[in-house]
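The structure under discussion appears below in the form of structure tokens.
Numbers restart at 1 for each chain; the letters A, B, ... are given by sequence-line order, proteins then strands.
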2 protein chains.
Amino acid sequence: MILKSPRTVKSSQSLPDPTAQSESFRANREARRKVLVEDYVELISDLLEESQEARQVDIAARLGVSQPTVAKMLARLVADGFVVQKPYRGVFLTEAGQKVAEEARARHRIVEAFLRALGVSEESVLVDAEGIEHYVGDETLAAFKRAIDGGLHDFINRLVTR
Amino acid sequence: MILKSPRTVKSSQSLPDPTAQSESFRANREARRKVLVEDYVELISDLLEESQEARQVDIAARLGVSQPTVAKMLARLVADGFVVQKPYRGVFLTEAGQKVAEEARARHRIVEAFLRALGVSEESVLVDAEGIEHYVGDETLAAFKRAIDGGLHDFINRLVTR
DNA sequence: AATATAATATAGCTATTGCTATAATTAAGG
DNA sequence: CCTTAATTATAGCAATAGCTATATTATATT
């Protein structure tokens, strides 16, 4: 049996194809750009459901940023067609905004439920889900959903027979 | 039996405590700041292992950004004490840099292995792991590890008995 | 109806991360 | 040793996301 010389033996976990890797990083920079929009829209939707209004000060308090920062972001969300502002009455979601909010919330809830099912503490669930939700692609999300409800057998089998 | 008036009935999935929520968002903004550092250091470590050198052009190609962008980031990494530059010989990791790289890589591999175990396609694993790894706290990471190797029973039980 | 309070707007600053275009320097080959 | 090609540095611009301080404007209370 002939062994490769140590020099040419690649580490078991070698680097991915450069193009694929740069595409990953690009995709993630792209995702990062959507994070803020999703966070704002999702939060506005939650606030509207809870108290029928979403004001800059409330949004600011929830996000832990200043009111002018919120004002600036809202201008962008208005420009993007996700929210409308009723002067001194807070902000409301457009159709497009509601759609984004629903998708984001669905995603968020699945990630949360999944982490809970894994036995993660409530505190960590809150923090980690907030970060993870934006980077979970459709396929991974489907896998999470499968693991939570129903398709448990597939999941177990995969883990057992690997 | 007295029912609350519809107005005061909160939706089943009510908003988290404002303080807790703003802390979540703060924590995630914090995490976001570390993302680039981890990405660079992890990649530099991989390049060094693979070819004993890590030049700006290679890093740029892998990350899908321009060389001047890399140059600027490297200046920061040098200032932060994670890398050293040998003129026209590329960059190398300090002790601190190697530590960060190892932690990041370990994290990355666990997330990848976990997603694979869930049945996610290789392509999605690459992209999603890159995004998710930075937002997985220690506790969640431990849960991932448990789910992959060994503590499978706990995991299944939790899913079954919830 | 006048005024106090709450809500929003605006000005102006900083830091970060990206870019292009171009200069400067080193390493390598002839 | 000299030149070319590779590598890195630098200048200068733009967009994003944050801040404080302050002005403005509605709402609501008296």
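- An OP1 or OP2 oxygen of D:dC19 is reached within less than 4.0 angstrom by a side-chain nitrogen or oxygen of A:T69.
- When rounded to the nearest whole Å, the span between CG of A:D80 and C1' of D:dT16 equals 13 Å.
- A:E30 places its CD atom 13 Å from the C1' atom of C:dG18, with the value rounded to the nearest Å.
- Rounding to whole angstrom units, CD1 of residue B:I59 and P of D:dT7 are separated by 12 Å.
- Between the CE atom of B:M73 and the P atom of D:dT8 there is a distance of 16 Å, rounded to whole Å.
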(message) Does B:F114 form a side chain to side chain contact (heavy atoms under 4.5 Å, CB included) with A:L118? I'd like the steps, not just the answer.
(response) CA-CA 12 Å; B:F114 182 73; A:L118 273 176; 3.9 Å; yes
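- The distance from atom NZ of A:K34 to atom C1' of D:dT16 is 17 Å, rounded to the nearest whole Å.
- The distance between atom CZ of A:R76 and atom C1' of D:dA17, rounded to the nearest whole Å, is 9 Å.
- For the atom pair OG of B:S51 and CG of B:D46, the computed distance is 10.5 Å after rounding to the nearest 0.5 Å.
- Rounded to an integer number of Å, the gap from B:L63 CG to C:dC19 C1' is 15 Å.
- Of the inter-residue distances, the one linking B:I110 atom CD1 with B:I132 atom CD1 reads 13.5 Å to the nearest 0.5 angstrom.
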Could I get a table of every N or O pair under 3.5 Å where one atom is in the protein and the other is in nucleotides 6-11 of chain C?
| unit_1 | atom_1 | unit_2 | atom_2 | d |
| --- | --- | --- | --- | --- |
| C:dT8 | OP1 | A:G90 | N | 3.4 |
| C:dT8 | OP2 | A:Q56 | N | 3.0 |
| C:dA9 | OP2 | A:Q56 | NE2 | 2.6 |
| C:dA9 | N7 | A:Q67 | NE2 | 3.1 |
| C:dA9 | N6 | A:Q67 | OE1 | 3.2 |

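- Here the nucleotide nearest the side chain of A:L36, chosen from C:dC19, C:dT17, D:dG18, is D:dG18.
- Evaluation of the ring-ring contact (aromatic ring centres under 6.0 Å, His included) rule for A:Y135 yields B:Y135 as partners, not counting sequence neighbours.
- Side-chain nitrogen and oxygen atoms of A:S66 include at least one within less than 4.0 Å of the OP1 or OP2 phosphate oxygen of D:dC19.
- Residue contacts for A:R33: at a heavy-atom cut-off of 4.0 Å it reaches no nucleic acid atom on any strand shown.
- For the pair A:R105 and A:E102, the salt-bridge criterion is not met [side-chain N within less than 4.0 Å of a carboxylate O].
- As a whole-Å value, the separation of B:F25 CZ from D:dA17 P is 14 Å.
- The closest side-chain donor-acceptor pair between A:Q98 and A:S45, if any, does not fall under 3.5 angstrom.
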Listing, residues 83-94 of chain A side-chain donor-acceptor contacts under 3.5 Å, not counting sequence neighbours, or none:
| unit_1 | atom_1 | unit_2 | atom_2 | d |
| --- | --- | --- | --- | --- |
| A:T94 | OG1 | A:G81 | O | 2.6 |
| A:T94 | OG1 | A:F82 | O | 3.1 |
| A:T94 | OG1 | A:A96 | N | 3.4 |
| A:T94 | OG1 | A:G97 | N | 3.1 |

